[in-house]
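Below is one structure, written out as structure tokens; comments come after it.
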Amino acid sequence: MDDSHTQTTPRLSLRARRPRVPRLLGVLVAVVGLLLAACNGENDLLTPTSGGGTPSPTVSPTATDSTPSATPPPSPEATVEPSERLRGPLLSLISTGTSAQDQAALSQMEVVAIPLEGAAGATGGRDLWAAVTSGPGVWELSTDARHVAAVYERRAADSWVEVAVLPLESEPTIADVEVVVVDAPEGDGLGTWWIGIHGFTGAHSGTFELVRFDGAALSSALWWFSPSPAAASIADLDGDERPEIILDATDPYVYCYACGVRAWGEIIYRWVDGEPVAVNLAPVESTDQRVRDLTEQAIRYVEADLWRRARSTMQLAVEAAPGDAEVWWLRLTVDRIATARIEDVGAPQQPVTTAVLAGEYGAAVDLMRPFQPAAVFDPEGPLLVDTVAEGWHDSMGGYLVEYATRALAVDPQLAPAYAVRAVGRVLVDPDAWAEALLDMDAALALAPQDTFYQDAHRYLLAQNGGASG
């Protein structure tokens, strides 16, 4: 593979993470007990008051002269996991319905809680926890509702103070939470915490929401929906120990979700002055004319899905401006997408389509060369049989025509793209012999010694009644 990836291997955030699918089965088995535990402990969970009062600690039994001194047994509430302890209060923020329907819906839900220790903001001695509600019951309540994120402060004797609550814009069905460590504040002052909320919804779709906590309030910084389960990942891409947010922008529905042919894509959010900023697939503004020209050319290749060329052009741009962060991040994004698409070329699910999705038109034509032209242009021929495109020849033809047309708009000298488009035209319309012949005329004019183009041209000429043009 050309111009191999040279960046630091991505390292996953070192934050402790829970499984992506919360432990709903265990919670459902013990749901009655959890509800009772939440109800019995409600007096210990406080909400802030205008006076900012501090809850009174629980007083331990006083030893008498006739009773030897001993460590008192722990309060039952102190042994309850925070996720269980916060379940009742958090679910009450979503619904207070008492109907059988609402109670059944709430029984399908749980809370996932993690400490904010180790986050970017200094805790100032506060025992802070981030929590999210999770479970399909949110869609079965008698009134419209959304899952919520919240921050609580745990105080003496396992008393909890609600600090902030935020309904989730991403609207997950199943939710999980992790802390994203960015920059620690100087001194002991409060900083900003970033909380990543991963979600699962529908049959196999995913959500992600990045939430900001400034020590007093929660706000949504960005959210994303993906037709695939993992809507986002969090990894340190540049080795500076600040994990970037990588949104999954892949299209898994080229043919069907389970077909295994995907147009890979992603959006990277990096950190600029403590804020997440998207790396846009756009030319870089630079005082260096060569850098501007190279990044503009690279983006033209991206828009035409000529990924190998885009990757090579961005490598030249980085060499021209080695200290330009904008150029570096653009090159990284292009490189990651190009690598994924090129690695998929020739996949058995649909070899020709995966080559075209990557802009590898030479590879696509090479897959046609072993066959006679009549078989290549056959909607039920070897290019489609036993692949996910079998029976969907018009869909496959549409992809070949669309992608090749965009590639030829950028490079009209790309002979294999004309050949690919000729095949696509006939797959879309079995009577489009004239249009296919024009494309094969162009391919043969650019590569007159190519025997495949010669044979295909003769075949199309015959199908078109022996007349060219």
Side-chain angles (χ1 to χ4, degrees), residues 17-45 47 77 80-115 129-152 160 162-178 195-211 213 218 220 223-232 257:
R17 297 184 60 184
R18 292 180 174 270
R20 283 293 173 85
V21 178
R23 301 158 293 165
L24 284 176
L25 293 179
V27 173
L28 290 175
V29 171
V31 66
V32 175
L34 293 179
L35 286 171
L36 290 175
C39 293
N40 290 338
E42 282 182 354
N43 290 336
D44 291 331
L45 190 139
T47 54
E77 290 85 354
V80 177
E81 290 289 335
S83 58
E84 299 174 5
R85 182 68 184 81
L86 296 174
R87 183 174 182 275
L90 263 179
L91 294 188
S92 69
L93 296 173
I94 298 177
S95 174
T96 56
T98 59
S99 68
Q101 175 185 338
D102 287 340
Q103 291 304 303
L106 291 171
S107 72
Q108 301 180 54
M109 298 167 63
E110 67 170 0
V111 163
V112 181
I114 60 171
W129 288 71
V132 294
T133 57
S134 174
V138 71
W139 308 125
E140 299 175 17
L141 293 166
S142 58
T143 57
D144 290 339
R146 284 187 286 174
H147 281 305
V148 299
V151 172
Y152 284 86
W160 295 78
E162 178 189 296
V163 180
V165 176
L166 179 72
L168 295 179
E169 296 288 342
S170 52
E171 299 192 9
T173 299
I174 306 296
D176 195 11
V177 61
E178 72 173 306
I195 302 167
I197 300 171
H198 303 269
F200 182 84
T201 191
H204 45 62
S205 300
T207 65
F208 176 78
E209 190 160 353
L210 185 64
V211 173
F213 176 57
L218 286 165
S220 181
W223 67 271
W224 182 251
F225 170 86
S226 170
S228 298
Y257 182 81

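We use all heavy atoms of the structure for the numbers below, so side chains are in, but hydrogens, waters and symmetry mates are not. Small disclaimer: the values here were computed from a predicted structure and weren't measured.
- The line from NE2 of His204 to OH of Tyr257 is 5.5 Å long, rounded to the nearest 0.5 Å.
- When all heavy atoms of Leu166 and Ser220 are compared, the pair lying nearest together is CD2-N, 3.8 Å.
- Note: Leu141 CG to Arg146 CZ = 13.5 Å, rounded to the nearest 0.5 Å.
- Atom OG1 of Thr207 is separated from atom CD of Glu169 by 12.0 Å, given to the nearest 0.5 angstrom.
- Looking at Glu209, its side chain does come within 3.5 Å of a backbone N or O of Ser170 through a donor-acceptor pair.
- Phe200 contributes atom CZ, which lies 11.5 Å from atom OG of Ser134 (distance to the nearest 0.5 angstrom).
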- Could you give me the CA-CA distance, side-chain angles and deciding distance for Val138 and Thr173, then say whether side-chain contact (heavy atoms from CB on, under 4.5 Å) is met? CA-CA 7 Å; Val138 71; Thr173 299; 5.5 Å; no

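- There is a side-chain donor-acceptor pair under 3.5 Å between Glu140 and Gln108.
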- Check the pair Val148, Val132 against side-chain contact (heavy atoms from CB on, under 4.5 Å), reporting the backbone distance first and the verdict last. CA-CA 6 Å; Val148 299; Val132 294; over 6 Å; no

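- Residues Trp224 and Ser226 share a closest heavy-atom pair of NE1-CB, 4.1 Å.
- Of all the heavy atoms in Ile195 and Ala130, the pair that sits closest is CD1-CB, 3.8 Å.
- Taking each heavy atom of Arg85 and Trp160 in turn, the nearest pair found is CG-NE1, 3.5 Å.
- Closest approach of Pro82 to Trp129, counting heavy atoms only: CG-CH2, 3.5 Å.
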- side-chain contact (heavy atoms from CB on, under 4.5 Å) assessment of Leu90 paired with Met109: CA-CA 10 Å; Leu90 263 179; Met109 298 167 63; over 6 Å; no

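- Proximity of a side-chain donor or acceptor of Ser205 to a complementary backbone N or O of Gly202 within less than 3.5 Å is not detected.
- Taking the six-membered ring for Trp and thresholds of 30 and 60 degrees, Phe208 and His198 have ring planes inclined between 30 and 60 degrees apart.
- Asp102 places a side-chain N or O within 3.5 Å of a backbone atom of Ser142 that can act as its donor or acceptor partner.
- Heavy-atom minimum distance, Ala145 versus Ile94: CB-CG2, 3.6 Å.
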- Query: Run the side-chain contact (heavy atoms from CB on, under 4.5 Å) check on Ser83 and Val112 step by step: do they pass?
  - Reply: CA-CA 5 Å; Ser83 58; Val112 181; 5.8 Å; no

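- Here Leu210 contributes atom CG and Ile197 contributes atom CD1; the two are 8.5 Å apart, rounded to the nearest 0.5 Å.
- Distance check, rounded to the nearest 0.5 Å: OG1 of Thr133 to CG of Leu93 gives 8.5 Å.
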